[in-house]
Each structure stands twice: as structure tokens, then as C-alpha cells.
Amino acid sequence: MSEWWSYSLRDLLLFSPQTYYRQFELHNTEWWPLPLLTLGLGVALLFLLQRGGVRTRRPALMALVFCWVWVAWAFHWQRYAAINPAGGYFALAFAIEALLLLWLIAPGPQPEFVPKLHRRAGMGLFLYALLLHPLIGLAQGRSLAQAEVFGMAPDPTALATLGALLFVRARAFWLLAPISLLWCLISGATLWAMKAPDFFVMPLIALLAIVIATASTTTVQSCIDLHR
Amino acid sequence: MTRKPNPIRRRLLGTLAAAPFVLPSTGLAQPARPATRAIPSSGEAIPLVGLGSWITFNVGNDSAARDASAEVMRNFFLHGGRLIDSSPMYGSSQEVIGHGLKKLGRPAYLFSADKVWISDGDEGPTQIEQSRRLWGVPRFDLLQVHNLLAWEEHLPALFDMKAAGRLRHVGITTSHGRRHGELEKIMASQPLDFVQITYNLHDREAERRLFPLARERGIAVIVNRPFRQGELLDRLARHRLPAWAAEIDCTSWAQFALKFIISHPAVTCAIPATTRVDHVIENMNSAAGRLPDQAMRARMIAYVERL
């Protein structure tokens, strides 16, 4: 498109808010009761992550990889691409993130030291993605059927992943988090274009994750320096 | 578009919506027919109000929403509508229009207006053929180069299609008031049947050079963004419709805005988009009653600018 820079985000929005939120309702309905299962999977994932140890973390991270592949195919490719031509690219990005997460599962060094404060922040972010984010639409009058559920919808999956990365491996955050962070911005921009009052939530959480990860990386480096 | 519901009107609309697609010749009162204006190059008259599909018909694979879109189309045709406009840029809109047309038995009086929107001129024919299949029409009544994209390559191909009888009219579009200078040069140099531009109570730049040029060159004008994607109506809805709007049979701000557009003698058709049956009927009725004259148009502008 010529002079694309002169268009605002709202000029480029291809669908109505009703159509956007309806995608989640149709997605949840089509795959019911899978949303309940992915929610349960998220709880199990958090439990395994907080227990620590490579053996328990591997199946947990494998479950996270599955969620990214599932969202890429079932949501972005099969559903969102029908109303947003960029949906195919989003599917590709989510598949790439799944591959990157596999790197965490591959046999490697023992779990690194992650400060307790940052582990708690990661857990808090994961819990928010799992339990509170799906309810955000209720406050705006949308039905529970349109809830964006972890493992089914991109937003809570990306947020939970940021939490998991903070929790598990702070030093790898910058390698594994960019796609999640970018998605937070894309989602926030989409909601802003739709004039959704909660447009700031995803970018704000991404910013918080960056701040925590930066502090976390610095703290880890300090600990390593102390032990040398 | 956000408008306050009117229970009486809703009941009336419900009755109309329940009427069969083809009204019987006796018994029921026929909806008022919209006024028409001739396409200068072909002489064919089309209603002053058409149906856009930007955003509203991009509903993806949602079968309930597709059926709702078909219902909008049904009421559009029922009230004398003909021209439906879409583009490959509009997501699933073409497919949704195709679904509606199939459901309605492919009305013969449809005036199908689509666009070519691809940067590689060689890919244009493939995209047009794909669009045609999605609509399910034998040929398009109008194909327009979308947002002037690669117009130097697409226009000759469209003129060739027209000469071969595979297309009836050729046009070019822009929106949001962009690139009017370039459009003016194309209008002056190319044998266009149509241009599509943005014009409404707020965006009136087209009046200065494009409308006079369109009349001089015999080019039909389709007007997009008549409500500025609802923003104009949202702003107007905070105020009461002036009593004198009744003099031109206006019952709502949407009709006020539409009548202003279609009363310009250079305008052939405005294409508001909607997801609602009551709104499409309201839009079509804008072309059925009295239209403002020059003095009234000036009054409308002055009133809106004071708000």
C-alpha cells in the first residue's frame, strides 16, 4: 500500500470488535472441553515448574511447547487468518517460538540460580495469565464463552510464557522472550485500534516482565561474580 | 454506527424483515424506491445508495455472522439496492458476499463492484479471477484499482477486459482524502468510468477539484467512508437532530449525513457499510425521500461545523 506511513492503526483495522471477540467464542465452542484441559495443563505446568529440577521441568516445558504449536495452528492459522491476513505470519511466529522453547528442554546445564523475588514475579505473572486474564472480558460485559484461555488463545499463552521464562531461566529470557513480548505489543495495538479499554494491559505486563528480567539478569550476574 | 433504538421503527423493520425476498405484486406495500443517478459513460442508472463491505462483512468462518450479513444484503435488495462494493483487501468480505448472493438466489439486478489490490501487475488477472469465484458472479460490473496501487499496470489490463466484454466498467479508488493530486492526473488522462473517493460532512476536499473534473470528464463517483467509519455519527449523536431536517425527510443523523453526500450532483452512489438490518433500511431510505438543495446543503455544513 502506498503512503502506508500516513495511515493510522485504526485505518488498517480490518474487523470489528464484535468479530474479534467472537473468534474466541467460536474457538472455545469448537474445541470444548479442551479449554478446561489446557487450563488444567497450565495449573500442572506451574506446579511442576515451581518444584524445580530438570526432570520435572522438562514435561512442563514440553506442555508449553505444545500450547504454542496448538495456538499457532488452531487459532492463528485456522481461525484468525480468516479475518486478518497477518494471521498466517502470526502462526509462523508462534511455531518459531515453540521451536525456541524446545531449546530449554534439550539436555544442558543444571538449572541456573534465579533469585527468589524474581521467581515469585514469574509465578505471579503465570497465575495472572492462567486465572485472571481470561476474566478480563467479563468486566467489559463480554460473556465467559469469549474468555481467552491459556493454551487456546495467544494473549494468556504469551503472558504465561513470559512468567515461565522469568521463573526458569532468567539469562535465556532475551533469547526466548522476544516473540512473546512482540505479541504483547501487537495485541495491545489491536485492542487500541478497536478502542478496547484494556488495550494497555498486555504492553504494560510486557514492560514489567522486561524490567524484572533486566533486574534478574543483573542479580544473577552479581551472584556469579561473587562466587568467582 | 451507534444510534438510539426506536421501538416503533424496530417493529416496522421487523415486519419488513419478515417479508419474503420478492414482495408479491399485490397486498403488501412496496418499500419506497431509492432515487437513481446515471453512470455517465454507460447511461445505466444505479441507486444513490449502495452497500460497502469494509470491516462489516469480514466475519471469517462465523456461519451465524455470515447469515446475518446475508440478511443485510437481502434487505438492501428488498429496498431497491444494487451496488455492492468489496476488495481483496477486506479479509473474508468477498467470500461472505458470495455466501449471501448464493443464499439470495443471485439477484440479477446486482451491480457488483470489486477491486484489484496487488503490487505486481502480472498477478492482477489471477487475483481478479479469485475474487470473481468468491463472489460467484459471471463477471464484474465494475473493477477498480484499489488505492491507486500499481495503477499503471492494472488499468490497461482492466481496459482490455472491458473491451473483451469481460468487464462492464473500469475505475480507480482512494480513501481518507489521500493522493488527490495523483488521482486528478489519472482522471484527466485515463478513460475511467468510475472513481471512488472519500467525501462526507467533514471531508469535503473532493468538492474543489475532483467533483468538477468528474463531471467534466463524465466519470461516475462512488463515495466511501460516508460516516468516517462511524466516528462522524458518534460525534453527531451527542446532539439533537435539527427540526428543519424534517424538510428533507431526515429522521436520523445517518440520513442527514447520507443525504448531504448523495445530493451533490457529481456523486453517483455512496456506499455505507453496516452489519444491521435496520441501518441498511435507514440508509436506503435516505435516497427515497427529498434531497437537500444547494441552500440546504450550505445550512447542513454550517450547522455541523457549529457543533
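Note on naming: letters A, B, ... go to the chains in the order of the sequence lines (proteins, then strands), and numbering restarts at 1 for each one.
Using a 4.5 Å cut-off between heavy atoms, Leu14(A) contacts chain B through both its backbone and its side chain. Ser92(B) touches chain A through backbone and side chain together, each having a heavy atom under 4.5 Å away. With a 4.5 angstrom heavy-atom cutoff, Gln18(A) does not touch chain B via any of its atoms.
Under a cut-off of 6.0 angstrom, the local environment of CH2 in Trp70(A) is crowded, with over 12 non-hydrogen atoms contributed by other residues, nucleotides or ligands. Counting non-hydrogen atoms of other residues, nucleotides and ligands closer than 6.0 Å to CZ of Arg133(B) gives a total of 12 or fewer.
When every heavy atom of Ile83(A) is checked against every heavy atom of Val59(B), the shortest pair comes out as CG2-C, 3.7 Å. For the pair Ile55(B) and Phe15(A), the tightest heavy-atom approach, listed with the atom from each and the gap, is CG2-C, 3.6 Å. Nearest heavy-atom pair, Gly60(B) versus Ala82(A), reported as atom, atom and distance to 0.1 Å: CA-CB, 3.9 Å.
A heavy-atom distance below 4.5 Å is not found between the side chains of Glu30(A) and Asn61(B).
Remark: Phe57(B) CZ to Thr19(A) OG1 distance equals 11.5 Å, nearest 0.5 Å.
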Which donor-acceptor pairs under 3.5 Å do side chains of residues 190-198 of chain A form with protein atoms, sequence neighbours excluded?
from, atom 1, to, atom 2, distance (Å)
Thr190(A), OG1, Ile186(A), O, 2.8
Asp198(A), OD1, Gln140(A), NE2, 3.4
Asp198(A), OD2, Gln140(A), NE2, 3.3

